[in-house]
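Here is the structure we will look at.
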Amino acid sequence: MQPDSMEQTAPLALPAEWRDFFALTKPRVMTLVIFTGICGLLAAPGSIHPVIGFATILCIAMGAGGSAALNQWWEADIDRGMKRTANRPLPSDRMQKKDARDFGILLSVSSVAILGLAVGWLAASILAAAIVYYAVIYTIWLKPRTPQNIVIGGGAGAFPPMIGWVAVTGDITLMPILLFAIIFMWTPPHFWALALFVKMDYANVGIPMMPVVKGERSTRRQILVYTILLAPVAIAPWVIGGTSYIFGVAAIALSLAFFALSLPVALRQSVEQDLMRPEKRLFAFSILYLFALFAALVVDRVAAGQGWI
């Protein structure tokens, strides 16, 4: 037998499948992004042509997917070291990094260009800001440097309802700013509830998430603080007269439930990972909270339009 025949050759990497490109867009996160964008569009005063409305939501989805792909391109090595993310396309070697980068750039640039040409450049500028905020400010600058990363970076996911609103009205008023502020204030307690039961993942790769740097006790207190601060922001659209009592009642009820679930999380001491049921309940409810709150915004708008209130 010839020596050459004894050598083992590495298998050729297969081309990435469409499922891998789809996974790069973080479809679960995108669901919430698309939903809040649709709610902002439907709740805005005035009307929009269905085709333009569809183009707006498509561009929001493309922009969110593009920035998510760029996030994973930059963090491929970090994702490889975390159990929660190790099976993503890049850390599992199902895709080349340059393909993820190019895909992210293509989606991001196309989304801004299409939105600008089809809808307006104010909405497109806000979308561009959202992409840069997440892919650059949060991913490259904030996340690896400060435990306040998710507090400041929370703005990245807060733009979609503002984009939807501006697509209809063509300007920025107090209401879309409040919708932005709701998601901005919601993000820390939502994400820190998750970070509490995956903190070892972040510790292993050196990401200074709040539970890793400041400890569980401080993180639990801050979850409660931000939950309390969220409540008046969530109710504010009703207080300023931007909605009726329908949204106001929903915002109060949902915020009270959020507080009730955050309280046992805040009062607990450090516990084993498999005993973090209150934290997992809070994380699950926080997602429901945002869906329900923005759905109430649309119901309120429909009720007002139909003259029911």
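Side chains included, hydrogens not; waters and symmetry mates left out as well; all remaining heavy atoms used.
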Verdict with reasoning, N71 to T139, per side chain to side chain donor-acceptor pair (under 3.5 Å): CA-CA 6 Å; N71 167 269; T139 299; 2.9 Å; yes
Stepwise side chain to side chain contact (heavy atoms under 4.5 Å, CB included) test for S108 and L70: CA-CA 9 Å; S108 299; L70 291 172; 3.9 Å; yes
CA sep, side-chain torsions, deciding dist, call: L106, D102, side chain to side chain contact (heavy atoms under 4.5 Å, CB included): CA-CA 6 Å; L106 176 64; D102 295 346; over 6 Å; no
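Contact check on R88 versus D79 returns a salt bridge, with a Lys/Arg side-chain nitrogen under 4.0 Å from an Asp/Glu carboxylate oxygen. D93 and R80 are joined by a salt bridge, as a carboxylate oxygen and a charged side-chain nitrogen come within less than 4.0 angstrom of each other.
A heavy-atom distance below 4.5 Å is not found between the side chains of W141 and N149. Residues L282 and P264 fail the side-chain proximity criterion, which asks for heavy atoms closer than 4.5 Å. Residues T85 and P91 have side chains not in contact (no heavy-atom distance under 4.5 Å, counting atoms from C-beta outward). The closest side-chain heavy-atom distance from I252 to L256 is below 4.5 Å. For the pair R301 and C39, the minimum side-chain heavy-atom distance is 4.5 Å or more. Taking the side chain as every heavy atom from C-beta outward, M210 and I150 never approach each other to under 4.5 Å. In this structure the side chain of T219 never reaches within 4.5 angstrom of the side chain of Q222, judged on heavy atoms. Within the 4.5 Å cutoff, side-chain heavy atoms of V265 are placed close to those of L196.
Between the side chain of S110 and the backbone N or O of L107, no donor-acceptor pair lies under 3.5 Å. A donor-acceptor pair under 3.5 Å is formed between the side chain of D300 and the backbone N or O of F247. No donor-acceptor pair under 3.5 Å is formed between the side chain of R101 and the backbone N or O of W73. No donor-acceptor pair under 3.5 Å is formed between the side chain of D201 and the backbone N or O of V198.
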N/O donor to acceptor pairs below 3.5 angstrom from side-chain atoms of residues 53-65, sequence neighbours left out:
from, atom 1, to, atom 2, distance (Å)
T56, OG1, I52, O, 2.9

Without placing hydrogens or testing angles, list every side-chain donor-acceptor pair under 3.5 Å for residues 119-138, not counting sequence neighbours.
from, atom 1, to, atom 2, distance (Å)
S125, OG, W121, O, 2.6
Y133, OH, I152, O, 2.5
Y134, OH, K26, NZ, 2.9

For residues 169-176, run the donor-acceptor check on the side chains, cut-off 3.5 Å, and write out each pair with its distance to 0.1 Å, sequence neighbours left out.
from, atom 1, to, atom 2, distance (Å)
T169, OG1, W165, O, 3.1
T169, OG1, D171, N, 3.3
T169, OG1, D171, O, 3.0
T169, OG1, D171, OD1, 3.1

When the side chains of residues 284-298 are checked against the rest of the protein, which donor-acceptor pairs come out under 3.5 Å, sequence neighbours left out?
from, atom 1, to, atom 2, distance (Å)
S286, OG, H190, ND1, 2.7
S286, OG, F283, O, 2.6
Y289, OH, S255, OG, 3.1

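Annotation for A100 and A69: closest pair O-CB, 4.0 Å, computed over non-hydrogen atoms. Between L90 and M95, the shortest heavy-atom distance links the atoms CD2-O, 3.4 Å. Here the closest heavy-atom approach between residue G157 and residue I183 is recorded as O-CG2, 3.6 Å. Minimum heavy-atom separation, A167 to I48: O-CD1, 3.8 Å. For M30 against T25, the heavy-atom pair with the smallest separation is CE-CB, 3.3 Å.
No more than 12 heavy atoms of other residues, nucleotides or ligands shown are found within 6.0 angstrom of CZ on R217.
Taken to the nearest 0.5 Å, the CG atom of N204 stands 8.5 Å off from the CE atom of M82. Atom CD1 of I140 is separated from atom CD of E75 by 9.5 Å, given to the nearest 0.5 angstrom.
Checked against E216 for a side chain to side chain donor-acceptor pair (under 3.5 Å), the options K199, R221, R268 give a single hit: K199.
Between W192 and Y226, the ring centre distance stays below 6.0 Å.
In the hydrophobic clustering, where aliphatic and aromatic side chains (Ile, Leu, Val, Met, Phe, Trp, Tyr) are joined below 4.5 Å either directly or transitively, F259 groups with L224, I228, L263, L267. Grouped with F22 in one hydrophobic cluster are W18, the linkage being side-chain heavy-atom contacts under 4.5 Å among Ile, Leu, Val, Met, Phe, Trp and Tyr residues.
In the model, N87 has no side-chain atom that pairs as donor or acceptor with a side-chain atom of S92 under 3.5 Å.
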